[in-house]
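This report concerns only the one structure given below.
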Protein chains: 2
Amino acid sequence: MTSDDIPRPGPQRAMRADVRRNRARLLAAAREMFERDGAGASLEAVARLAGVGIGTLYRHFPTRQDLLEALLADVYDGLAATGRELLVSPAPGEALTTWLRAFIVRITAFPGMAAAAAVSLRPEQPGRPEPSGARRAVRDAGEALFRRAQDAGDVPADAEFADALRLAGAIAMVTERDPEAADRLLALAAAGLAPGKGAHGG
Amino acid sequence: MTSDDIPRPGPQRAMRADVRRNRARLLAAAREMFERDGAGASLEAVARLAGVGIGTLYRHFPTRQDLLEALLADVYDGLAATGRELLVSPAPGEALTTWLRAFIVRITAFPGMAAAAAVSLRPEQPGRPEPSGARRAVRDAGEALFRRAQDAGDVPADAEFADALRLAGAIAMVTERDPEAADRLLALAAAGLAPGKGAHGG
DNA sequence: ACCTGAACACCGTTCAAGT
DNA sequence: ACCTGAACACCGTTCAAGT
């Protein structure tokens with residue numbers, strides 16, 4: 001369990017390269033098929049496009065969600081980088097909403113991707129494995145922006161980052177590939193649908 | 001096309017009763033199967049449970065979404081009634097959020113129902129038929145509550161009801177059968193994630 | 001150790017035959 | 001006019017055989 005992905009260095013190097021190439025081809029093919037047909041695209045078609053057997057696809061990605069999360073990992077890494085950049089911007093509240101907007105845009109690269117993201121970003125559960133590096137990275141970067149906005153008084157003191165991220169994910173799911181609608185919903189949630197009711201006790 | 005559902009009164013009365021009974025049985029069976037297995041439950045199993053052939057299911061409901069919308073129609077009618085009752089409550093803003101909370105709870109009777117509701121409540125599109133009576137009723141009742149809250153100054157003047165409803169639908173989709181999470185997200189969206197930025201131009 | 005693809009299972013959908 | 005269910009099509013998933 002500890003060194004599972006470093007299987008004995010030496011003469012097997014060529015093999016490992018094949019495996020990696022297959023994995024990369026599968027990811028590229030999946031991205032292409034999913035962008036064409038959505039996240040429900042035929043996995044057989046993905047394997048065919050990648051030039052490997054269907055069994056190889058299943059060996060690398062036992063479930064469709066695994067394949068989707070591998071694609072999401074790149075998105076998450078990019079969002080983490082964007083988040084770190086925004087951390088030095090002068091307006092904490094704006095920086096947060098800018099980042100949430102980027103989050104929504106990038107997890108809607110194809111229909112169904114946002115739903116997969118919502119699953120992958122669900123609160124930690126007993127059954128599920130530790131969050132991957134990319135998942136932790138995106139969460140940490142977003143949380144840093146969130147806390148800074150909270151410290152600046154731009155975000156209610158009793159709000160929680162996990163909820164804000166879920167809300168953004170929800171907006172992404174429902175507006176999917178309509179960025180203008182996503183912007184409107186995010187602006188509405190940011191300003192408050194029914195503000196000023198003193199709902200926050202601190 | 002005009003009198004499609006009133007096919008010649010007279011000796012056919014008994015037949016029509018059979019058709020209606022089949023329809024009612026299919027809806028009851030669908031509700032039961034969907035509550036057990038989610039909105040993706042086997043349609044063959046639904047037909048079996050209803051005691052009719054699979055062809056009869058397809059005759060009544062050509063697509064899965066049609067079946068889901070038939071179940072949603074009851075929910076919509078109930079929500080419309082609730083909305084009319086809330087219209088006389090003394091606190092317009094609270095009445096709106098109370099109704100939105102009821103909306104979220106009732107469109108999550110089973111996994112996948114909220115997604116079907118989000119589809120059925122999408123902004124009118126060229127291809128899709130006129131909204132059904134129930135859809136119009138729920139929209140009208142919600143909009144009345146929304147306008148009243150807006151007039152009272154509880155809701156931003158430039159906000160749109162359609163967006164508020166989509167936002168509630170989005171929250172329902174992502175929290176599905178977790179009412180506490182839904183409450184937290186709705187409270188966050190109601191109070192405003194990053195309020196006070198003067199985002200509203202009026 | 002990894003890959004292939006035939007084989008199996010399952011389900012959605014249609015439509016010819018029946019009442 | 002409506003219903004039935006066999007037949008077809010399609011896809012996900014596994015696993016024995018191959019390299």
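Chain letters run A, B, ... following the sequence lines, proteins first, then strands; residues in each count from 1.
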Restricting to non-hydrogen atoms, name the atom on B:Ala164 and the atom on B:Phe146 that form the minimum distance, rounded to 0.1 Å.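 Shortest heavy-atom separation between B:Ala164 and B:Phe146 comes out as CB-CE1, 3.8 Å.
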
Where do A:Ala189 and B:Leu167 come nearest, in terms of heavy atoms and distance?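 Nearest heavy atoms, A:Ala189 then B:Leu167: CB-CD2, 4.1 Å.
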
Is the shortest distance from a Lys or Arg side-chain nitrogen in A:Arg48 or A:Glu44 to a carboxylate oxygen in the other one below 4.0 Å?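 The answer is no: the pair does not qualify as a salt bridge.
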
Under a 3.5 Å cut-off on both pairing distances, which runs of 3 or more consecutive Watson-Crick or G-U pairs involve DNA chain D?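 So the stems come out as C:4-8 with D:12-16, C:12-16 with D:4-8.
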
Tell me which donor-acceptor pairs under 3.5 Å the side chains of residues 24-37 of chain B have, and how far apart each pair is, sequence neighbours excluded?
from, atom 1, to, atom 2, distance (Å)
B:Arg31, NH2, B:Asp74, OD2, 3.4
B:Glu32, OE2, B:Arg36, NH2, 3.3

Give a yes or no on this: more than 12 heavy atoms of other residues, nucleotides or ligands lie within 6.0 Å of atom CZ of A:Arg21.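 Enclosed: over 12 neighbouring heavy atoms sit under 6.0 Å from CZ of A:Arg21.
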
Keeping the roles fixed (side chain from A:Arg139, backbone from A:Phe161), state whether a donor-acceptor pair exists under 3.5 Å.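 Not a single qualifying donor-acceptor pair exists.
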
Would you say B:Arg135's side chain and B:Ser120's backbone share a donor-acceptor pair under 3.5 angstrom?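 Yes; judged by distance alone, with no hydrogens or angles, the pair exists.
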
Is B:Ser42 near enough to C:dC11 that one of its side-chain N or O atoms lies under 4.0 angstrom from OP1 or OP2?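 Checking C:dC11 against B:Ser42, no side-chain N or O comes under 4.0 Å of OP1 or OP2.
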
For C:dC2, does OP1 or OP2 lie under 4.0 Å from any side-chain N or O of A:Asn22?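 Negative; the distance criterion is not met.
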
Would you tabulate the nitrogen or oxygen pairs shorter than 3.5 Å linking the protein to nucleotides 15-19 of chain D?
none

Within residues 30-39 of chain A, find the residues that approach DNA chain C with a heavy atom at under 4.0 Å, and present them sorted by residue number.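 Those residues: none at all.
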
Whole angstroms only, please: what is the CG-C1' distance between B:Leu57 and C:dC11?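 Roughly 13 Å, once rounded to whole Å.
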
Could you tabulate the donor-acceptor pairs under 3.5 Å formed by side-chain atoms of residues 85-93 of chain B, not counting sequence neighbours?
from, atom 1, to, atom 2, distance (Å)
B:Ser89, OG, B:Leu86, O, 3.4
B:Ser89, OG, B:Arg148, NH2, 3.4

So which pairs with a foot in residues 99-113 of chain B pass side chain to side chain donor-acceptor pair (under 3.5 Å), sequence neighbours left out?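 Counting only pairs at least two positions apart or across chains, the side chain to side chain donor-acceptor pair (under 3.5 Å) contacts touching residues 99-113 of chain B are B:Thr82-B:Arg106, B:Arg101-B:Asp183.
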
